[in-house]
Each structure stands twice: as C-alpha cells, then as structure tokens.
**Student:** 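This is the structure I have questions about; it appears just below.
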Amino acid sequence: MAVHVIEEANRCLQCKKPRCREGCPIHTNIPEMIRLLKENQLLDAAEMLFANNPLSVICSLVCNHANQCEGHCVRGIKGNPVHISAIENYISDAAFERLRLQMQPSNGMKAAVIGGGPAGITIAITLAMRGYKITVFEGRERIGGILRYGIPEFRLPNSILERYAKKMREMGILIRPNFTIGGSTSIQDLLDDGYRSVFIGTGAWRPRRLMIPGETFGNVHYAINYLHYPDVYELGDNVAIIGAGNAAMDVARTAIRHGSRNVTVYVRDKEVSASKEEYEYAMLDGVQFEFNQSATRILDDGMMVCETGNPETEHFVPATTIIIAISQVPQDRLVNRDKALRLNRKGNLKTDENGETTMEGVFASGDVVTGAKTVVDAVAQSKKIADEMDAYMRSL
C-alpha cells in the first residue's frame, strides 16, 4: 500500500492551477497534501486535511472520486488520473489517532446537535474546536447516521466510525444515544435549558415510494431499511432492485454477499446514475442490469415491468423479493413537535441562505435540508453553517 501511494504521489504534476482541487466539492488542497507526504510530513498533511474536512478519512473511501478530484486530474486526459483517494485515505487513516487538534479555550456556551450523521459530526467537531460545549443527540444506538446505517460495511467499515466516536469524546463532545428529539423532548426544551443554538442534521430516512400497486406486500422492502440491518432479511435467490443510484448498487452487492444468487437492477433510463466505480464493482460482483425498464405493479411472486414510456410492452418478471431504491426524504417528527419549524415545497426543512430555520437560533444542513445527497456535500455545507452558528451565538 505504501509503495503504491508513493508511486501515485510521484505522478502528481503539482499543477499551478490544480483542476483536482476545483473538482473537489470541499476544495481539498490536494497538491499541498501530496507535497507534504513526499517530504515525510505525514502528520502535517493529515492535520491540514482534517482542518479542511473533518470527515477526510470517510470521504476518501465513499466519495465519487471519478466525477470529482480524480475526474478533473490533468493526468486523466490522456491516461490514468492520479489515485488521489488512495493517497488521502492513507494519510488520514494513518495519522487519525495522532492528530494535534487546535482546541480553543472554553467560551462557556453550549450548543446542541440533533443527529450524529455526517452533517452533525462535522458541526460538533467544528464548534467543539472553537470552545463550545457540544451535546449530540443520536436517535440510534451509535453515531454515524447514513454512514453506519446506509453504507455497507465492505465500503465503509464501522470501526472507522468507532474511532470518530472516541475522538469526539476526547474533544469533550457528549453523546446521548437512543434519544430522539421530537418525542418527549422538543427543540424548545433544549433552548429553555440554555443551549445557545441548535443544529438539526437528522438526515433523510423516510423511503420515497414508487406509488404503484402492491408496494405494501410482504415481499417488498425499501433500500434504506434493508441496508440498516441486512442480516434480518430473507431475500431468497431471485432479487429485483428498482433504482439506479449508489444505494441500488449497495443493496445489490449486499444481497449477493448474503447469499442471493440472481440479483437484477431495473433502471428506468439507458444508464445508471450511480458512480462509474460502483456500477463496475456491482457488475464484477455478478449483479445483472435491465435498462429502460419501469415497474408498473408488484405481485406476490414478482412484478410487472415495461419499457419506459411504452405500457404495451408490459411483462411479468419473477422475483422472490423486490427492493425499492429510489431515494429518501426527511421525516417530519421535529416539524410536528416544534410548530415554528417549516418545510419547503420539496418537503425538506426550510432554511435561509445562512442555514437558519424558521425557528430562531435553530440551524440545519445535510440531507434534512437538501434531500439525499453525498457525504462531502453535507460536510461542505455544514462547515458554512458552523460559521453562521458561531457568529449567531457570539452575538447574543
């Protein structure tokens, strides 16, 4: 691994106008990262990466690098791009426990973070480093959100998330697991208890429905539910997956790893929306694909499909299990509990240009605002929201 990383680092041209950095949603200083590594300053490189992106270890594994940093590498115009993700992962992973974090003195103010997913972790770490006392309210037993319960372990090992939990505790961040805000406790209760500001990063956990007959049958599951705990599902040999994104690829590859022999993904369009890498991995694992096919109704032993836009071609496809993987939307528990919160037209939490919701002192970002998007998008937006929360709390 080390030899490979060094070889890849030596391929970097140190461009004066690095296209790779422009292609990164969080504008990681890739040339500087590589320069520091080659000068044997691995810890400095890791600290620079963490300061820019607290989830650097994770993003180096799950980002769509082919469309971002590596997809913009000038080396890729006539050959193979520099394997930037491997370099970043090696640096961030090797130095994670040794990071020398620049923690500011306590300012005596508390902030609450609802949801321990990528957005919440980013906010918690950023504000803790600025001297705030942070409590993360996590509705499940462990932090991670979509990182833990929506991405298969073969893509993102849970051990990495445990390392983050330990690092956060070392930073003085308190975590309350199995505690859902919006039930017995409201956001207003948090504000009444002295939290100067509240951040909502509860993600998008409600599956989007196909709205076709048979969707409530017992042989039907939703991707986000299946990926949460695939061990409890008995899918059988013939699995049909409806969807085209990375979640559909994750479901297909997970189903094969749990023993399903024939796994087919049905795609409405002529190509998948998943990353090229995930699509190729799925094919390598043995997943089959049917393009330009739309499900019209679900039966007890399969489903009816047709060519997209041509109902006259409807035909039966046998399947023991159908899994629907067409994205998710946020749940509405918080809005129902705290009436000052509002949703936008798309059903996501409404915020202004600064990330503040319609409830004063309450901010939000990530999938609960944008709908299901990428991890790096959540991190990039959350860094900006942390600045706004910091400014708001210091102005009180």
Side-chain angles (χ1 to χ4, degrees), residues 55 58 62-64 114-122 138-140 142-153 155-156 161 180-182 200-212 215-216 220-230 232-233 239-255 265-269 272-275 278 282 294-295 298 321-336 341 343-351 357 364-382:
L55 299 191
I58 293 167
V62 303
C63 269
N64 186 351
I114 305 174
I121 293 174
T122 301
E138 171 53 51
R140 300 178 189 267
R142 288 183 172 86
I143 66 164
I146 196 70
L147 302 173
R148 183 186 294 273
Y149 301 108
I151 298 178
E153 177 136 2
R155 284 186 60 206
L156 179 62
L161 299 172
T180 302
I181 302 296
I200 301 173
T202 48
W205 290 98
R206 186 169 60 183
R208 192 182 296 278
R209 294 186 58 195
L210 271 177
M211 305 303 292
I212 61 174
E215 200 167 348
T216 64
V220 181
H221 306 293
Y222 292 105
I224 193 66
N225 298 331
Y226 173 67
L227 291 172
H228 179 194
Y229 196 5
V232 304
Y233 291 81
V239 179
I241 298 166
I242 303 169
N246 281 349
M249 305 303 112
D250 286 342
V251 168
R253 298 177 67 196
T254 302
V265 175
Y266 290 83
V267 183
R268 285 181 53 88
D269 301 314
V272 299
S273 56
S275 69
E278 292 306 315
S294 296
I298 296 172
T321 300
I322 294 95
I323 300 181
I324 299 170
I326 58 168
S327 191
Q328 304 88 238
V329 295
Q331 296 177 342
D332 54 9
R333 182 186 299 111
L334 290 175
V335 176
N336 291 336
L341 294 174
L343 300 177
N344 61 24
R345 293 179 180 178
K346 295 182 178 180
N348 302 324
L349 201 58
K350 185 177 181 179
T351 61
T357 69
S365 71
D367 291 357
V368 71
V369 174
T370 62
K373 295 189 74 174
T374 66
V375 174
V376 71
D377 284 325
V379 175
Q381 186 62 23
S382 297

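Worth knowing before you read on, the calculation uses all heavy atoms, side chains too, and leaves out hydrogens, waters and symmetry mates.
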**Student:** Would you say the side chain of Val368 lies within less than 4.5 Å of the side chain of Asn348, judging by non-hydrogen atoms?
**Tutor:**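 The answer is no; the side chains never approach within 4.5 Å.
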**Student:** So Met249 and Val272, do their side chains get closer than 4.5 Å, heavy atoms only?
**Tutor:**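 Of all side-chain heavy-atom pairs linking Met249 with Val272, at least one is under 4.5 Å.
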**Student:** Are more than 12 heavy atoms from other residues, nucleotides or ligands located less than 6.0 Å from atom CZ of Arg268?
**Tutor:**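 Atom CZ in Arg268 is not packed in, count stays at 12 or less.
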**Student:** Gln381 side chain to Ser365 main-chain N or O, any donor-acceptor pair under 3.5 Å?
**Tutor:**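 Side chain of Gln381 to backbone of Ser365: no pair is present.
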**Student:** Do Asn246 and Ser275 touch side chain to side chain, with heavy atoms closer than 4.5 Å?
**Tutor:**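 The answer is yes; the side chains approach within 4.5 Å.
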**Student:** Can you name the nearest heavy-atom pair linking Thr254 to Pro152, along with the distance?
**Tutor:**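 So the minimum-distance heavy-atom pair works out to OG1-CG, 3.5 Å.
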**Student:** Taking all atoms of both residues into account, what is the closest heavy-atom pair of Asn344 and Lys350, and its distance?
**Tutor:**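 In this case the closest contact between Asn344 and Lys350 is N-CB, 3.9 Å.
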**Student:** What residues, two or more places apart in sequence or in another chain, satisfy side chain to side chain donor-acceptor pair (under 3.5 Å) together with Arg209?
**Tutor:**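 Partners of Arg209 by the side chain to side chain donor-acceptor pair (under 3.5 Å) criterion come out as none, since no residue qualifies.
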**Student:** Rounded to the nearest 0.5 Å, how far does CD1 of Ile322 lie from CD1 of Ile241?
**Tutor:**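 These two atoms lie 11.0 Å from each other.
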**Student:** Using only atom types and a distance under 3.5 Å, with no angle test, would you say the side chain of Ser273 pairs donor to acceptor with the backbone of Ala244?
**Tutor:**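 It does hold such a pair.
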**Student:** Let me confirm one number: the CD1-CD1 distance from Ile151 to Ile58, rounded to the nearest 0.5 Å.
**Tutor:**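 Rounded to the nearest 0.5 Å, the CD1-CD1 separation comes out at 8.0 Å.
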**Student:** To the nearest 0.5 Å, tell me how far Leu227 CG sits from His221 NE2.
**Tutor:**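 Interatomic distance, Leu227 CG to His221 NE2, rounded to 0.5 Å: 12.5 Å.
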**Student:** Between CD1 of Ile181 and CD1 of Ile114, what distance do you get to the nearest 0.5 Å?
**Tutor:**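 Reported value, rounded in 0.5 Å steps: 5.0 Å.
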**Student:** Is the closest side-chain heavy-atom distance between Arg142 and Leu161 below 4.5 Å?
**Tutor:**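 No - every pair of side-chain heavy atoms lies 4.5 Å or more apart.
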**Student:** Does any N or O in the side chain of Tyr222 come within less than 3.5 Å of the main-chain N or O of Gln328, such that one atom is a donor and the other an acceptor?
**Tutor:**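 Between the backbone of Gln328 and the side chain of Tyr222 there is no qualifying donor-acceptor contact (under 3.5 Å).
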**Student:** List for me each residue that meets side chain to side chain donor-acceptor pair (under 3.5 Å) alongside Asp377, sequence neighbours excluded, and say none if there are none.
**Tutor:**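 Per chain and number, Asp377 pairs via side chain to side chain donor-acceptor pair (under 3.5 Å) with Thr374.
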**Student:** Shortest non-hydrogen contact from Ala274 to Gly245?
**Tutor:**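 Where Ala274 meets Gly245 most closely, the heavy atoms are CB-C, 3.5 Å.
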**Student:** Which heavy atom in Glu215 sits nearest to a heavy atom in Ile324, and how many Å separate them?
**Tutor:**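 Taking every non-hydrogen atom into account, OE2-CD1, 3.5 Å.
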**Student:** Give every donor-acceptor pair under 3.5 Å between a side-chain atom in residues 143-150 and any protein atom, sequence neighbours left out.
**Tutor:**
from	atom 1	to	atom 2	distance (Å)
Arg148	NE	Ile143	O	2.8
Arg148	NH1	Glu162	OE2	3.2
Arg148	NH2	Ile143	O	3.3
Arg148	NH2	Glu162	OE2	2.7
Tyr149	OH	Glu141	OE2	3.2

**Student:** Is any side-chain heavy atom of Asn64 closer than 4.5 Å to one of Glu278?
**Tutor:**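 Not in contact.
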**Student:** What are the two closest non-hydrogen atoms of Pro118 and Val375, and how far apart are they?
**Tutor:**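 It is CB-CG1, 4.0 Å.
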**Student:** Search all heavy atoms of Leu349 against all heavy atoms of Ala364 and return the closest pair with its distance.
**Tutor:**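 Scanning both residues completely, I find the closest heavy atoms to be CD2-CB, 3.6 Å.
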**Student:** OH of Tyr226 to OG1 of Thr321: how many Å apart, nearest 0.5 Å?
**Tutor:**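 Going from OH on Tyr226 over to OG1 on Thr321, the span is 9.0 Å.
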**Student:** How many angstroms lie between atom CD1 of Ile323 and atom CD1 of Ile242, to the nearest 0.5 angstrom?
**Tutor:**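 With rounding to 0.5 Å, CD1 (Ile323) is 10.0 Å from CD1 (Ile242).
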